[in-house]
Q: 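One structure, pasted below without further comment.
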There are 2 protein chains.
Amino acid sequence: MQLANATHDQLIAWESALSADYAAIKAQGLNLDLTRGKPSSEQLDLADALDGILKGDYLSPGGVDTRNYGGLDGIPEAKALGEAIMGVPAKQVMPAGNSSLTLMYQWLTAAHFFGLTGPDSAWHKTSAVKFLCPVPGYDRHFAICEQLGIEMITVPMNSDGPLMDEVERLVQSDPAIKGIWCVPKYSNPSGVIYSEETVKRMAKLAKIAGPDFRIFWDNAYAIHDLSFPGPQLTSLWEACLAEGTQDSALQFASTSKITHAGSGVAFVAASDANLKGFQKILGIQTIGPDKVNQLRHIRFFDAPGSLLAHMKKHAELLKPRFACVLKHLEEAFSDNPLGRWESADGGYFISFDTLPGLAKTVVKLAGEAGVKLTPAGATYPYGQDPSDSNIRIAPSVPSVPQVDAAMQVFVTCVKLASVRQALTQRMAQS
Amino acid sequence: MQLANATHDQLIAWESALSADYAAIKAQGLNLDLTRGKPSSEQLDLADALDGILKGDYLSPGGVDTRNYGGLDGIPEAKALGEAIMGVPAKQVMPAGNSSLTLMYQWLTAAHFFGLTGPDSAWHKTSAVKFLCPVPGYDRHFAICEQLGIEMITVPMNSDGPLMDEVERLVQSDPAIKGIWCVPKYSNPSGVIYSEETVKRMAKLAKIAGPDFRIFWDNAYAIHDLSFPGPQLTSLWEACLAEGTQDSALQFASTSKITHAGSGVAFVAASDANLKGFQKILGIQTIGPDKVNQLRHIRFFDAPGSLLAHMKKHAELLKPRFACVLKHLEEAFSDNPLGRWESADGGYFISFDTLPGLAKTVVKLAGEAGVKLTPAGATYPYGQDPSDSNIRIAPSVPSVPQVDAAMQVFVTCVKLASVRQALTQRMAQS
């Protein structure tokens, strides 16, 4: 379909055919969901040996009785698991509870209200606090800033990460900017992997922004490759060490998309000074994390190579779902400008762009035909996509036949919305 | 020992004998710990069947796959377990993560920064925020207020709860008072159980204090009796329903001292309006609690009567330890004013008062002789016990012979400190 060159009659014919297709789909009463990056039931099955793995032995390898209170810093052997996932030395890793989102929230509120390096460093003491948000990005990151009244400034994403010229310019020009959200590998949703140059420029930001600036490095897909060996992300920790800016890097990960999504172990990796400052604040709100569950995860990944072997099993389940999405997109849009998309060889998302002004319409059409999509705009701060074009596709939960059915609907909705828009524009011109 | 009537020579002789006893104890190189209310290893053993109890079946009775994301409100069957522990209807109970301290922190910060009933209700918007703290009380409650800059006002404890005349007078006179900390059953550390009258007067407080006032009802020892049937705490929920003040009651409990202390399930019980307001705020910081662990606890206490039977096993382990402490205190202080103590038929603590001005000295002497005690003053806001006399004794972790050894040291330290004080006072007078 080449809308620009089409005659009015052609547009009318297309609209009529697509409307008929859409009506037929609607009549099927589908109920499919492409909204969130959750593991499928089959993926969760892979870790079912977790419960019962302790066989009555609740002592950590180092002799900690994991059943009792305490251990704010996590059990030492879980730090090693964190290193295996994040590629940051175990010494800098703090294993925590079941949610990296919670950890990010705790660090952000700690820095905002109480100060990671003493009360004077609390962000909220300055007149305004702002954050850089590369877009499209992760709605839950933006929601934290919104709750705290932190103003979000968007920065466009390139194929090698956020536009660093713009990031540096903003940080230079506005001292109220205290941090930046990053998903550096298989970025949510665009799949971008930050390049070596991007990571190295990130490591230099604190030199411009000052000692209270923090990079929230949400490495949620650190080892979530679809092909092996997966691409290597340049180490932010090493880059910061080289610059002497290690206090600016706060790195997060979890086993949520490795073992069980609601009952995994989250990790943060940070400098000694950050960990010390954070734990002083954290110690007021908890006596310690669930160390029993940390121990389960240590035992589960005890054998050398077991973590990688486990991730390969995830990839086997995810790959056909991603391939199915891409097949539909290529068939429908490779020869026309109605859709553009970005997909990576890992992570949980495919980022799709409609023609400007159509994302909301497509999500609405799909929803009415029984295919739930993430709300249009969700990938932008305050839910506002200025060009109303980005849609995040998350195909991990449905089965391959379900993804296939959902994508037929999706493609039809994009075409229908595009043709209707072209018709409207043509009529306005005439 | 009757210090008041003793001659100078008698005091000198006692001091000399006690110093010799103390030196002999010190030479033993003891390493004993009476600091925190933790379960002993034998108590933790009682719940070791938790890991493995799922036998591969991760579906909740209602059909929730507990392994995946979601379920901010907890799984419904865990609400029923909360009701069994707290005596509040399951509908009002929200099961959460591994720590009731974390829940209390989350509720308090939610009310303080964001407002449980909308932004206008946020406490921090008023010029000052104050909390009532019955004393002696729980140091971790006080630490939360201190971190948030909430001014703490102490209220004395009676044998039937906080002095309600004083509580009502304060709430009436100062609108900045937004809450009160309560441990209503086996109060930490005094063991007091709030009387029916106290609970009913608590339920009326919101009528004086206004709609943003919250009672933080930390029912940590709700079913932690040493004799059975244990005493019945009057229901705050029922009392508030009768007054129409149910929004003022926030009740907390956990299985930390029922199953495993670091990996249990925490609960909050609150009104519909409170739960709705809280979950809107909580949803920004977490996708949901560890539902797998909630399911383990449901299965563990599946059989009717199993919860009570389990608590009786705890009591069997705790009773001889408490009896040993009380035996030493009675032998040493029943015929003299050197020590007073309060102990209940449940909970985790015995509250001991030295003569005024001696608690710090006793804790220091005991520590130097290898017996760790909770820092003197910890049971008061800002760590400041105005009469420097309260010491919290927590005998649950050591074995009975260890408690016996530790209490010999403790009693010797109290006597030695008292005699030395008497001598100093006598010398100052002469």
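Throughout, protein chains are lettered first and strands after them, A, B, ... in sequence-line order, and every chain is numbered starting at 1.
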Q: With side chains defined as the heavy atoms from C-beta onward, is the minimum distance between D48(A) and R67(B) less than 4.5 Å?
A: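 A side-chain contact exists here, since the closest heavy-atom pair is under 4.5 Å.
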Q: Please work out whether the ring planes of Y58(A) and H260(B) are parallel, tilted or perpendicular, with thresholds of 30° and 60°.
A: perpendicular
Q: So, does Q285(B) use its side chain to make a donor-acceptor pair with the main chain of L101(A) at under 3.5 Å?
A: no
Q: If you count the non-hydrogen atoms of other residues, nucleotides and ligands that lie under 6.0 Å from NZ in K125(B), is the total more than 12?
A: yes
Q: Run the numbers on L148(A) and F114(B) for side-chain contact (heavy atoms from CB on, under 4.5 Å), then give the verdict.
A: CA-CA 9 Å; L148(A) 298 175; F114(B) 311 116; 3.6 Å; yes
Q: Under 3.5 Å, side chain of D51(A) to main-chain N/O of L54(B), donor-acceptor pair present?
A: yes
Q: Between I144(B), T66(B), T102(B), who has the most heavy-atom pairs with chain A when the cutoff is under 4.5 Å?
A: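 Of the options given, most contacts go to T102(B).
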Q: F113(B) versus H112(A): any side-chain heavy-atom pair under 4.5 Å?
A: no
Q: Between L44(A), I287(A), L108(A), which residue shows the highest count of heavy-atom pairs closer than 4.5 Å to chain B?
A: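 Option with the greatest count: L44(A).
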Q: Short question: side chain of Q147(A), backbone of I281(B) - any donor-acceptor pair under 3.5 Å?
A: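 Yes, the answer is positive, given that a donor and an acceptor are paired below the 3.5 Å cut-off.
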Q: Is S41(B) close to chain A through its backbone or its side chain, or both, or neither, when contacts mean heavy atoms under 4.5 Å?
A: both
Q: Considering only heavy atoms, which portion of P119(B) lies under 4.5 Å from any heavy atom of chain A: side chain, backbone, both, or neither?
A: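 When you check distances to chain A, no heavy atom of P119(B) falls under 4.5 Å.
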Q: Need one label for D65(B): side chain, backbone, both or neither, based on atoms under 4.5 Å from any heavy atom in chain A.
A: side chain
Q: Determine yes or no for a side-chain-to-main-chain donor-acceptor pair under 3.5 angstrom, with N68(A) supplying the side chain and A261(B) the backbone.
A: no
Q: For T286(A), is it the side chain, the backbone, both, or neither that has a heavy atom closer than 4.5 Å to a heavy atom of chain B?
A: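 T286(A) touches chain B through backbone and side-chain heavy atoms alike.
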Q: With a 4.5 angstrom heavy-atom cut-off, is it the side chain or the backbone of R36(A) that approaches chain B, or both, or neither?
A: neither
Q: Which is it for N293(A) and D290(B) under the side-chain contact (heavy atoms from CB on, under 4.5 Å) test, yes or no, and what are the steps along the way?
A: CA-CA 10 Å; N293(A) 206 37; D290(B) 182 344; 4.2 Å; yes
Q: Which region of T109(A), side chain (C-beta onward) or backbone (N, CA, C, O), has a non-hydrogen atom less than 4.5 Å from a non-hydrogen atom of chain B, or is it both or neither?
A: neither
Q: Do you know the tightest heavy-atom contact between Y69(B) and G37(A)?
A: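 Y69(B) and G37(A) have their closest heavy atoms at CE1-O, 3.8 Å.
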Q: I need the residue from G71(B), G97(B), S256(B) with the largest number of non-hydrogen atom pairs under 4.5 Å to chain A.
A: S256(B)
Q: Measure across V292(A) and S263(B) and return the closest heavy-atom pair with its distance rounded to 0.1 Å.
A: CG2-OG, 3.2 Å
